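Take a look at the structure set out below.
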Amino acid sequence: MLDSIDELRLFSKVFETGSIRQAADSLNISAAAASKRLFSLENKLSVKLFYRTTRSISPTDNGQKLYQQVSDILRSVSQTESLFSANAQLQGTVRLTASASFSQGYLAPFLSHFLSQNPQVNIDILATDEPVDMVERGIDVAIRHGPLRDSSLIGRHLADSGRVLCAAPGYLARYGFTDHPDALHQHSLLVVGKESSWQFRQNNISKTIRLSPRFASTLGESVYQMTLAGHGIAVLSDWHVRDALADGRLVPLLADWQIVPSISIHVLYPARDNMPLAVSTFIAHLERWARQHPV
């Protein structure tokens with residue numbers, strides 16, 4: 001008989017992550033305790049659930065079958081727990097990945113507010129501008145910018161981010177500027193990622209500027225710092241440069257031209273029914289915060 005929901009939760013975590021250690025970390029238990037609990041479940045069922053080697057773990061046919069049943073069981077348990085947890089303090093860890101610049105430039109006040117409201121919830125951020133395999137790294141929530149590429153994840157639209165062409169006053173004092181995108185060919189350009197062109201639109205007129213950057217980086221924060229230092233002109237997200245524009249450290253350019261397209265920001269999470277309450281609450285709070293504090 002299955003008499004421990006904790007064993008089923010552990011089994012599900014091991015199945016999803018392919019790692020006993022990652023599953024143990026997500027449940028705040030030791031790897032040794034996780035292994036013991038998993039063996040206990042296999043003994044109760046009298047079947048082998050995983051093939052184990054020194055380097056990997058993968059489900060057997062029986063493990064595949066059990067996972068289908070466990071998903072329904074854990075979903076029902078989570079729904080039942082939610083009915084009685086409305087007035088209880090949330091507990092657990094939310095593992096989040098987002099770009100370093102977005103984490104600092106937009107998320108920091110939200111995270112501070114969320115932690116204040118939920119003192120028993122821990123936040124663990126992997127700040128990187130590179131895509132992360134969420135299942136492999138044990139990530140609960142990802143915030144990503146631009147087109148979605150991983151169809152195995154559930155994506156929810158958070159906001160649209162406009163972009164601003166800008167430069168430091170010192171750079172403009174040395175090199176000047178005009179009011180047309182063609183002027184960019186005469187300047188040092190600083191580029192985020194691997195963009196090969198910038199597209200501008202004014203009424204029915206479109207203009208594409210091919211890029212030959214003086215400086216390029218996958219880290220938006222690096223490009224931002226180079227722009228502040230006066231090394232050239234950049235296209236940066238409006239949330240990233242809002243403060244620098246407000247206090248004059250950066251100057252917006254081509255205000256009569258729109259930079260297209262805007263960048264969609266999505267919240268992503270692995271497709272699973274038994275989402276921890278702390279994670280689902282975190283996502284709901286983030287969506288509400290984005291509506292109240294537009295990106």
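As the structure is a prediction and not an experimental result, all values here were calculated from the model.
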Checking the side chain of [X] only, and the main-chain atoms of [Y] only, is there a donor and an acceptor separated by less than 3.5 Å?
{"X": "Asp247", "Y": "Arg249", "answer": "yes"}
{"X": "Ser12", "Y": "Leu8", "answer": "no"}
{"X": "Ser103", "Y": "Ser99", "answer": "yes"}
{"X": "Gln22", "Y": "Thr17", "answer": "no"}
{"X": "Ser262", "Y": "Ser161", "answer": "no"}
{"X": "Asp129", "Y": "Gly220", "answer": "yes"}
{"X": "Asn62", "Y": "Leu49", "answer": "no"}
{"X": "Ser237", "Y": "Trp239", "answer": "no"}
{"X": "Arg214", "Y": "His187", "answer": "no"}
{"X": "Asn118", "Y": "Gln120", "answer": "no"}

Within the structure provided, determine whether [X] and [Y] are in side-chain contact (heavy-atom separation under 4.5 Å).
{"X": "Leu190", "Y": "Tyr224", "result": "no"}
{"X": "Ile123", "Y": "Thr93", "result": "no"}
{"X": "Val141", "Y": "Val279", "result": "yes"}
{"X": "Val14", "Y": "Leu10", "result": "yes"}
{"X": "Lys207", "Y": "Gln199", "result": "no"}
{"X": "Asp160", "Y": "Ile263", "result": "no"}
{"X": "Asp124", "Y": "Leu96", "result": "no"}

(request) Only counting residues at least two apart or in another chain, list the ones meeting side chain to side chain donor-acceptor pair (under 3.5 Å) with Ser40. (result) Glu7
(request) Measure the CG-CZ distance between Leu184 and Arg210 for me, rounded to the nearest 0.5 Å. (result) 14.0 Å
Between [X] and [Y], does any side-chain N to carboxylate O distance fall below 4.0 Å?
{"X": "Lys48", "Y": "Glu42", "value": "no"}
{"X": "Glu130", "Y": "Arg144", "value": "no"}
{"X": "Arg163", "Y": "Glu195", "value": "yes"}

(message) Can you classify the ring geometry of Trp289 versus His113 as parallel (below 30°), tilted (30 to 60°) or perpendicular (above 60°)?
(response) tilted
(request) Look at the aromatic rings of Phe11 and Phe50 and report parallel, tilted or perpendicular, splitting at 30° and 60°. (result) tilted
Please check if the distance between the ring centroids of [X] and [Y] is under 6.0 Å.
{"X": "Tyr175", "Y": "Tyr171", "value": "yes"}
{"X": "Phe110", "Y": "His293", "value": "no"}
{"X": "Phe282", "Y": "Tyr269", "value": "no"}
{"X": "His231", "Y": "Phe215", "value": "no"}

(request) Could you pull out all residues at least two apart from Arg242 that satisfy salt bridge (charged side-chain N to carboxylate O under 4.0 Å, His left out)? (result) none
(message) Taking CG in Asn43 as the centre, count heavy atoms belonging to other residues, nucleotides or ligands within less than 6.0 Å. Is the count above 12?
(response) yes
(message) Using the rule that Ile, Leu, Val, Met, Phe, Trp and Tyr join whenever any side-chain heavy atoms are under 4.5 Å apart, tell me whether Ile265 and Leu111 fall into a single cluster.
(response) yes
(message) Using the rule that Ile, Leu, Val, Met, Phe, Trp and Tyr join whenever any side-chain heavy atoms are under 4.5 Å apart, tell me whether Phe200 and Val241 fall into a single cluster.
(response) no
(request) Identify the two heavy atoms, one from Arg95 and one from Ser26, that lie closest to each other, and give their separation to 0.1 Å. (result) NH1-CA, 3.6 Å
(request) Name all residues meeting the ring-ring contact (aromatic ring centres under 6.0 Å, His included) criterion together with His266; count only those two or more places apart in sequence or in a different chain, and write none if there are none. (result) His157
